[in-house]
Undergrad: 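Let me give you the structure first, and then I'll get to my questions.
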There are 2 protein chains.
Amino acid sequence: MVRPAKSEKVQSVKKCRDAEATQAVILTAAEAEFAQHGLMAARTEAIAAKTGVAKSMIYYYFKDKEGLYQAVLERSHAELLQITQQLDLEDLSPEAALKQFLVALLDCVARNPKLPTIMFHEAVQNQGKYYKRSSSLSIDTTLVNILERGVTAGVFRQLDPFVSAINIMGSCLFYFIGAGNIQQHPQGKRVLSKAMLEKHTQEAIAFILAGVQQSQNVS
Amino acid sequence: MVRPAKSEKVQSVKKCRDAEATQAVILTAAEAEFAQHGLMAARTEAIAAKTGVAKSMIYYYFKDKEGLYQAVLERSHAELLQITQQLDLEDLSPEAALKQFLVALLDCVARNPKLPTIMFHEAVQNQGKYYKRSSSLSIDTTLVNILERGVTAGVFRQLDPFVSAINIMGSCLFYFIGAGNIQQHPQGKRVLSKAMLEKHTQEAIAFILAGVQQSQNVS
DNA sequence: AGATTAATCGACAGACTTGTCAGTTGATAA
DNA sequence: TTATCAACTGACAAGTCTGTCGATTAATCT
């Protein structure tokens with residue numbers, strides 16, 4: 001789908017009728033709409049209104065609402081998919097692997113804060129119909145594997161890798177899902193501000209690493 | 001809203017036309033539909049189809065879709081609200097209070113596994129419009145308070161109570177949000193089976209308690 | 001400059017949804 | 001038994017939403 005450079009000169013002048021730019025703004029607007037409402041409740045008219053281009057452009061470029069939805073899904077998952085795939089954790093200790101994994105995951109979602117919400121909608125409403133099996137599954141199994149290794153090696157406590165993987169993902173992603181709703185920031189900082197995103201990353205990593213280790217005093 | 005016993009004899013014979021029973025089945029069907037789709041994407045026709053009664057009954061008893069939605073919200077939050085309010089944690093140590101809180105919360109959502117999903121939809125789609133401020137807020141501040149006490153007392157590590165409260169809630173609730181989507185159970189057990197719910201409760205409590213404590217080896 | 005094609009728009013047809021209403025049926029009470 | 005009323009139904013009016021189509025405009029090529 002890469003457009004062949006139709007002429008040698010790269011014109012950086014802002015074009016009025018730029019197919020790629022139009023598709024991009026539609027995708028961005030659609031991402032916001034789908035993140036908030038999900039596939040069914042999203043309104044193509046609302047998406048069009050946010051872009052400034054006519055509603056028919058959606059159908060011109062993406063066939064129908066479903067096509068647009070899939071495009072949004074693919075675009076927003078691309079980075080996560082790529083990052084988790086190029087992660088090579090086999091040689092690391094379970095603790096180091098877990099930390100590495102969390103850093104990558106949290107960094108990725110901090111840059112795509114709408115991703116968790118989109119994933120949620122997809123999972124709940126469409127029961128993952130639009131996931132062939134790609135991202136979220138592979139990401140989950142990666143985490144399960146790390147946990148299994150750690151338990152076997154005795155460096156993690158006797159946790160259930162499957163359930164714990166879900167709970168860990170919850171610690172990482174829940175923040176973003178609720179973000180739109182949470183008004184009460186600690187000292188007036190916006191939840192998705194750079195400072196708060198960094199804080200959340202730190203907190204989540206510390207919390208999770210502590211959570212998987214042997215607790216010192218079992219009461 | 002308690003119906004006054006219209007006659008002394010309590011008739012346990014199954015009535016064909018029972019207003020309360022009809023409302024109850026509508027509410028239950030609506031709970032499922034709203035949990036999966038949220039307010040906008042929920043279809044009154046789909047709700048009616050699940051109940052077996054005519055669609056117009058929804059409007060007869062609940063005025064409109066929004067009225068039904070609010071009724072569902074109130075009914076599904078009632079228990080959580082009541083449980084968290086009658087929790088008296090002031091006199092307990094931070095650890096004991098946290099454990100107590102988690103037991104109550106997890107027990108409640110295990111009995112109402114659709115609640116987290118409904119909360120999620122309400123938060124994301126409607127930005128909490130239908131929460132006056134009731135349940136989820138008070139529950140969150142309760143947890144923040146416990147964490148603050150624990151940090152001040154030095155029994156918890158130097159965590160950010162606000163962010164950590166969200167992450168903890170994520171550990172507790174995320175399991176239920178994804179439940180409909182997760183097929184792969186560890187040994188073939190269904191995610192919402194009694195055994196798995198109990199396992200999740202145990203795992204979440206152990207994970208969270210370990211997560212808030214000082215980690216033994218700070219690498 | 002004129003022709004060609006891709007990008008864009010606005011209006012609209014068709015389908016789907018909500019909410020209403022007039023009428024029917026079963027329970028209760030006189 | 002009959003009257004009355006609440007519970008209930010199916011058909012439909014009105015509104016909303018998706019997706020299409022012919023017309024229009026900007027860029028590109030010759």
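What you see is a predicted model, and the numbers here were worked out from it, not measured in a lab.
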Undergrad: Between A:His121 and B:His121, does the ring centroid distance fall short of 6.0 Å?
TA: yes
Undergrad: Using whole Å, report how far CD of A:Glu33 lies from C1' of D:dC17.
TA: 13 Å
Undergrad: Over all strands shown, is B:Ala42 touching base, sugar-phosphate only, or nothing at heavy-atom distances under 4.0 angstrom?
TA: sugar-phosphate
Undergrad: From NE2 of B:His37 over to P of C:dC16, roughly how many Å is that when rounded to an integer?
TA: 16 Å
Undergrad: Under 4.0 Å from OP1 or OP2 of D:dA27: is there any side-chain N or O of A:Arg17 that close?
TA: no
Undergrad: So, is A:Thr22 close to the C:dT8 phosphate, meaning a side-chain N or O under 4.0 Å from OP1 or OP2?
TA: yes
Undergrad: Whole angstroms only, please: what is the CD1-P distance between B:Ile58 and D:dA7?
TA: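 Roughly 16 Å, once rounded to whole Å.
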Undergrad: Assuming nearest nucleotide by heavy-atom distance, tell me which of B:Glu66 and A:Val53 is located more 5' along DNA chain C.
TA: A:Val53
Undergrad: Which part of the nucleic acid does B:Phe62 contact within heavy-atom distance under 4.0 Å: base, sugar-phosphate only, or nothing?
TA: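 B:Phe62: no heavy atom of the nucleic acid under 4.0 Å.
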Undergrad: Looking at the side chain of A:Lys55, which of D:dA7, C:dC9, D:dT18 is the nearest nucleotide?
TA: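 Of the options given, the side chain of A:Lys55 lies nearest D:dT18.
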Undergrad: Whole angstrom is fine here: how far is it from CD1 in B:Ile26 over to C1' in D:dT9?
TA: 13 Å
Undergrad: Would you mind reading off the distance between A:Asp64 atom CG and D:dC21 atom C1', rounded to a whole angstrom?
TA: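 After rounding, the reported distance stands at 17 Å.
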Undergrad: How many whole angstroms separate atom NZ of A:Lys65 from atom P of D:dC17?
TA: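 Answer to the nearest Å: 10 Å.
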Undergrad: Between D:dT18, D:dC21, D:dT9, which nucleotide gets closest to the side-chain atoms of A:Glu45?
TA: D:dT18
Undergrad: Distance alone, cut at 3.5 Å: any donor-acceptor contact between the side chains of A:Tyr175 and A:Glu203?
TA: no
Undergrad: Any idea how B:Phe207 and A:Phe207 line up, ring-wise: parallel (<30°), tilted (30 to 60°), or perpendicular (>60°)?
TA: perpendicular
Undergrad: Are B:Thr44 and C:dT17 close enough that a side-chain N or O sits under 4.0 Å from OP1 or OP2?
TA: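 No, no such contact exists.
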Undergrad: Can you tell me if A:Tyr69 and A:Glu122 form a side-chain donor-acceptor pair at under 3.5 Å?
TA: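 Yes, side-chain donor-acceptor contact under 3.5 Å.
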Undergrad: Ignoring backbone atoms, establish whether A:Arg43 has a side-chain N or O less than 4.0 Å from OP1 or OP2 of D:dT16.
TA: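 Answer is no, no contact under 4.0 Å.
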Undergrad: If we ignore angles and hydrogens, is there a donor and acceptor under 3.5 Å between the side chains of A:Asn167 and B:His200?
TA: yes
Undergrad: Is the phosphate of D:dG19, meaning OP1 or OP2, less than 4.0 Å from a side-chain N or O of A:Tyr59?
TA: yes
Undergrad: Is a donor-acceptor contact shorter than 3.5 angstrom present between the side chain of B:Ser56 and the base of C:dG19?
TA: no
Undergrad: When the distance from CG of B:Leu39 to C1' of C:dT17 is rounded to whole Å, what number comes out?
TA: 13 Å
Undergrad: Taking the nucleotide of DNA chain D with the nearest heavy atom to each, does B:Gln23 or B:Met40 sit closer to the 5' end?
TA: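 Here B:Gln23 is the residue nearer the 5' end.
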Undergrad: Provide, to the nearest angstrom, the distance between the CD atom belonging to B:Glu20 and the C1' atom belonging to D:dC8.
TA: 17 Å
Undergrad: Tell me whether the side-chain N/O atoms of A:Tyr60 come closer than 4.0 Å to OP1 or OP2 in C:dT8.
TA: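 Result: no.
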Undergrad: Mark yes when over 12 heavy atoms from residues, nucleotides or ligands other than A:Lys65 sit less than 6.0 Å from its NZ; otherwise mark no.
TA: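 More than 12 heavy atoms, drawn from other residues, nucleotides or ligands, come within 6.0 Å of this atom.
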